[in-house]
Amino acid sequence: MMGDKGFQAKETGSFQFCPENILPRSFYARDTRVVAEELLGHYLVHFTEEGLAAGKIIETEAYLQNDPACHAARGMTRRNRVMFGPPGHAYIYFVYGMYYCFNAVTREEGVGEAVLIRALEPVAGISLMRARRGRKDLRDLCSGPGKLVQALGITGKQNGQDLTAGTLVICRGNRSGLEIIRTTRIGIKSGGDLPLRFYVAQNQFVSVR
DNA sequence: GTCCTGATCCTCT
DNA sequence: GAGGATCAGGACG
């Protein structure tokens, strides 16, 4: 659309995609809390016809099967079946009638656990993100689970997609020197006292400070 | 079938 | 800081 011209901006990030940097399935087939913490510093990357958009993962939450806040807590349903599938796939669900949230499925097949990606630091495709979000401020692009899905152009149709091959992948980043804070999760009622949220200290792109 | 709630975000006060 | 948007899933009858 013509209106997008107003959002043309220089790319500030230095992200470069290399297929060999895609995280392998074995990365996801581990304890969900470990995966949630170790996803910080890596890159969520989405290729579309409009171009590539990517962000550094700086905030995550773990959802465990025996955890009342987890969709899988009461067993498998049509909605949550992807969580019980093989690790390294996308679990994308619709909330509040208008937003989608993106999760990476963890653990071995048969266990319903996943990591919610809550915030990214935009690194590539920033003009595309601005157009999709209808906002200019860098901090308004990916600082929340619904926002980052919109900024990257992810849709509910990608629920179940393989994160180790294809157009939606997670790539290895540099995690050295990363200072990580562990705290309670955001926006849930039951299970809210569990320390299952992880974020990068001093990062201005987290969803809640 | 009805009713209620929600892993959110935006706009207003 | 409060309230509205907006709808699928799950609980219940």
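Reckoned from all heavy atoms, side chains included, excluding hydrogens, waters and symmetry mates. Residue numbers start from 1 in every chain, and the chains themselves are labelled A, B, ... in the order their sequence lines are given, proteins ahead of strands.
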Report the distance from atom NZ of K157(A) to atom P of dA8(C), rounded to the nearest whole Å.
15 Å

Quick one: which of dG10(C), dA7(B), dC9(B) gets closest to the side chain of R133(A)?
dC9(B)

Taking atom P in both dT5(B) and dG3(C), compute the distance separating them and give it to the nearest angstrom.
16 Å

Where the side chain of Y99(A) is concerned, which of dT5(B), dT11(B), dT8(B) is the nearest nucleotide?
dT8(B)

Picking from dG10(C), dG9(C), dA7(B), the nucleotide nearest the side-chain atoms of R74(A) would be dG10(C)

Name the closest nucleotide to the T77(A) side chain, picking from dG10(C), dG9(C), dA7(B).
dG10(C)

Candidate list R33(A), E108(A), R107(A), test side-chain contact (heavy atoms from CB on, under 4.5 Å), partner E113(A), passing option:
R107(A)

Selection from dG9(C), dC9(B), dG6(B) that lies nearest to any side-chain heavy atom of K147(A):
dC9(B)

Out of dA8(C), dC9(B), dA11(C), whichever nucleotide has its closest atom nearest the side chain of F94(A)
dA8(C)

Aromatic centroids of F102(A) and Y91(A) separated by under 6.0 Å
no

dT11(B) phosphate, OP1 or OP2, under 4.0 Å from R135(A) side-chain N/O:
yes

Determine whether the side chains of R25(A) and T164(A) contain a donor N or O and an acceptor N or O closer than 3.5 Å.
yes

Rounded interatomic separation in angstrom, taking CG from L194(A) and P from dA7(B):
14 Å

Interatomic distance, Y93(A) OH vs dT8(B) P [rounded to whole Å]:
6 Å

Rounded to the nearest angstrom, tell me the gap between atom CG in N159(A) and atom P in dA8(C).
15 Å

Starting from P on dT11(B), measure out to CG on D140(A) and report it in whole angstrom.
10 Å

Does R118(A) reach a base, just sugar-phosphate, or nothing at all? Heavy atoms under 4.0 Å.
sugar-phosphate

Ring-ring centroid check Y28(A) H89(A), cutoff 6.0 Å:
no

In Watson-Crick or G-U wobble terms, both distances under 3.5 Å, what is the partner of dT2(B)?
dA11(C)

Step through it carefully: locate the ring centre of Y63(A), locate the ring centre of H71(A), and say whether they are under 6.0 Å apart.
no

Tell me the interatomic distance from Q150(A), atom CD, to dC9(B), atom C1', rounded to whole angstroms.
9 Å

Nearest whole Å is fine: how far is dC4(B) P from Y96(A) OH?
17 Å

Whole angstrom value for the distance that separates P of dG9(C) from NE2 of H71(A):
11 Å

Just to be sure I understand the rule, does M83(A) reach a base, reach only the sugar-phosphate, or reach nothing, if contact means heavy atoms closer than 4.0 Å?
base

